[in-house]
There are 2 protein chains.
Amino acid sequence: MKSLSIKDIAVKAGVSITTVSFIINGKARDKSISEAVIKKVEKIIVESGYKPNQIARSLRTGNSNIIGLIVEDISNSFFSKIARLIEDKAYKKGYKIIYSSTENHIEKAKELITMFKSRKVDGYIISPIKGLEEDIQQLMADNKPVILFDRNLPDLDANYVGADHFKATYHSIESFIKQGKKKISLVTIDIDVQQITERLTAYKKALADYDIPYEENLVLKVHFNQDEKETMVQMEKLFQTEEIDAVLFATNYLAISGLKVLKQTGKKIGNDFSVIAYDDHEVFELHTPGISAVQQPLEEIAETVIQLILSQLSSKTKLDNQHIILPAKLIER
Amino acid sequence: MKSLSIKDIAVKAGVSITTVSFIINGKARDKSISEAVIKKVEKIIVESGYKPNQIARSLRTGNSNIIGLIVEDISNSFFSKIARLIEDKAYKKGYKIIYSSTENHIEKAKELITMFKSRKVDGYIISPIKGLEEDIQQLMADNKPVILFDRNLPDLDANYVGADHFKATYHSIESFIKQGKKKISLVTIDIDVQQITERLTAYKKALADYDIPYEENLVLKVHFNQDEKETMVQMEKLFQTEEIDAVLFATNYLAISGLKVLKQTGKKIGNDFSVIAYDDHEVFELHTPGISAVQQPLEEIAETVIQLILSQLSSKTKLDNQHIILPAKLIER
DNA sequence: TGAAAAAGGTAAAACGTTTTATGCATACTT
DNA sequence: AAGTATGCATAAAACGTTTTACCTTTTTCA
């Protein structure tokens, strides 16, 4: 049941391997192969169902038509939706995606890059974590296209596509303030990437601009890799001990955990307790009452990422790194 | 910036390529290479950070250490959660996953298989759709491990891992009946795979067993690939025109669409209108009131799938096909 | 008419591994 | 002392492509 090789086709057609290869790769006219031969070989290829062995092709050409996608957690709806969009668009251009989740482990992330390297992926799409700077730098030094998305590493000059988290956060807090909220809490994670820390900066800035004093104990920094149970305990404490009247959750899973806590403790969301979540999710739409959420432009992010990487892949010369910041929208519910 | 090859290591160590290869692959003692040489070469490998080129390795050995995963839609939380679990477990055994979504398009599914084939993936994990029988048969004839999951193709004798949808559906309907419901509706899709049609069979059986007449107009079969908008229109009609007192949604996205309709139309879930969803989702847990749901044992499904495929991959002889049906749980909320 | 160019094609090297077959010492039997 | 293991190591083929360099025949045109 061995599959056909280019040699089988060559023999069947009574021409050389070279000729078949030229035809397969559309170089036939260029290399002045006669129409008759082209037709004949093409016919045989179609009839026999021959498909070139991509492995052999990759070994020879050095590229794999595979793009590596590294995210924090593919089962998070934000990432799985982006992944689906990216996959879709890449597929149309003849690229496949290999994805993997880092689970916020630097060691796993490094291993993944090594593995992708040895698999000779053509390019990398990475939602990075702190500590990966050197490895990414190395990839770029090797002239591999790299696109960071969602999260950025400040010490690194790389292509980046993401949403305007500062503005989105600022507007969220502002909207709380305009509703008359005074005790506004921020629940975030202690991960050290710009896109997360920015949310804290924007929070502080908005408060300052409206002359509301910043209180440290209104900010909960959850450890990025801890168990959900523990997170919920911490949130419960926060919700109980302070007379908070509004909460902004910095990620969708934090918001979901938060909603679980509220449901368990019977605390109601309403006029004297408002909530905004970061990254929209069906949960927020269907929740009673509806939960306002910051919605990132998934489609545009995916589109931009894939466009960026494709242009890098097709360009011979190294292109300048771009930073593309797309607006995020506050969906009020 | 060319990466190191086995030849570079061989030269550096002053031994042959063969020797290095044996050492890399743990065959050194077998081939009686001296300890001294092993140590020396290993040291050089570590120091230089050499990683074998997987492409070349694949070309030579004929296997890629990659498993292809084909699902309907990776952005569906059921699949993305399974994918994450599978990826995780596969990773630990040295396998990578390439995934792709069929979007229920038979053509795309076929293309994906062809693509995976030309990429020489070692095995296939597929949530299949009708019409793929022949292609899958072909894979098995080629002696490639294939595991179907979630959905089964009745005309095909293949490995299958899935939940007991008949029982789960039966129990769901039974629970409605025991609550005194009389007009029980089923919202399902018109896709022709056993795991979906089974839900209809179980629905009918449960009604029959409790002497409730089956009414065709209480069953809504949504077209599997239609726009959500259209689905919602159909559901709205169903909910309005019949005095339905209970609904079972056959998939989680149908349930989510259903909840959206209910929210829009202001119809309340409660004592005189109950809902059960298929495949649990955070939405159902956090919804007010909580939505009962049939929960498939994701972890066990993933574990079984990966175990099955790994045992096939490591066994020289073709193993008998297995059908593994795991119990699903009705979570009452 | 003769040289140059074009048309039509191919042989063979190369990509980086794994693996088979083989070689040469040295040590162990009898 | 001859024969046979055994320890240690390697040369070279093979996997299936792409691509470079080259060859022959025909056509062009000064």
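The chains referred to below are lettered A, B, ... by the order of the sequence lines, with proteins before strands, and numbering in each begins at 1.
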Peer 1: How would you list, by chain and number, every residue that makes a side chain to side chain contact (heavy atoms under 4.5 Å, CB included) with A/Leu326, sequence neighbours excluded?
Peer 2: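 Here the qualifying residues are A/Val161, A/Pro297, A/Glu300, A/Ile301, A/Thr304, A/Ile324.
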Peer 1: List for me each residue that meets ring pair (Phe, Tyr, Trp, His ring centres under 6.0 Å) alongside B/Tyr99, sequence neighbours excluded, and say none if there are none.
Peer 2: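 Once residues adjacent in sequence are excluded, the partners of B/Tyr99 under the ring pair (Phe, Tyr, Trp, His ring centres under 6.0 Å) criterion are A/Tyr99.
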Peer 1: Sequence neighbours left out, what passes salt bridge (charged side-chain N to carboxylate O under 4.0 Å, His left out) with A/Glu107? Give chain and number order.
Peer 2: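 By the salt bridge (charged side-chain N to carboxylate O under 4.0 Å, His left out) rule, A/Glu107 matches no residue at all.
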Peer 1: How bent is the helix from C/dT1-D/dA30 to C/dT30-D/dA1, comparing axes over its five end pairs at each side, to the nearest 10°?
Peer 2: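 Terminal axis comparison yields 50°.
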Peer 1: Measure all distances between protein nitrogen or oxygen atoms and nitrogen or oxygen atoms of nucleotides 27-29 of chain D, and list the pairs falling under 3.5 Å.
Peer 2:
none

Peer 1: Who pairs with B/Asp88 by salt bridge (charged side-chain N to carboxylate O under 4.0 Å, His left out), at least two apart in sequence or on another chain?
Peer 2: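 Here the qualifying residues are A/Lys108, B/Lys92.
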Peer 1: Hey, can you pull the donor-acceptor pairs under 3.5 Å for the side chains in residues 145-153 of chain B, sequence neighbours left out?
Peer 2:
from	atom 1	to	atom 2	distance (Å)
B/Arg151	NH2	B/Glu72	OE1	2.6
B/Asn152	ND2	B/Gln194	OE1	3.4

Peer 1: Check DNA chain C against residues 33-54 of chain B and give the residues with a non-hydrogen atom under 4.0 Å, in numerical order.
Peer 2: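 DNA chain C contact set from residues 33-54 of chain B: B/Tyr50, B/Pro52, B/Asn53.
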Peer 1: Holding to salt bridge (charged side-chain N to carboxylate O under 4.0 Å, His left out), I want the full list of residues that pass it with B/Asp192, two or more places apart in sequence or in another chain.
Peer 2: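 If we apply the salt bridge (charged side-chain N to carboxylate O under 4.0 Å, His left out) test to B/Asp192, skipping adjacent residues, the hits are B/Lys130.
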Peer 1: Holding to side chain to side chain contact (heavy atoms under 4.5 Å, CB included), I want the full list of residues that pass it with A/Asp122, two or more places apart in sequence or in another chain.
Peer 2: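 Expected list: A/Asn63, A/Ser64, A/Asn65, A/Tyr95, A/Leu313.
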Peer 1: Kindly write out the residues that satisfy salt bridge (charged side-chain N to carboxylate O under 4.0 Å, His left out) with B/Lys27, not counting sequence neighbours, or none if the list is empty.
Peer 2: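 Testing B/Lys27 for salt bridge (charged side-chain N to carboxylate O under 4.0 Å, His left out), a comparison that skips the adjacent residues, returns none.
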Peer 1: So if I define the base as every atom that isn't primed, P, OP1 or OP2, how would nucleotides 21-26 of chain D read as a B/S/- string at a heavy-atom cutoff under 4.0 Å?
Peer 2: ------
Peer 1: Would you mind classifying the nucleic acid contact of B/Ile24 as base, sugar-phosphate or nothing, using non-hydrogen atoms under 4.0 angstrom?
Peer 2: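 No contact at all - B/Ile24 keeps every heavy atom at 4.0 Å or more from the nucleic acid.
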Peer 1: Quick one: the side chain of B/Arg57 and the base of C/dT17, do they pair up donor-acceptor inside 3.5 Å?
Peer 2: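 Donor-acceptor pair under 3.5 Å: no.
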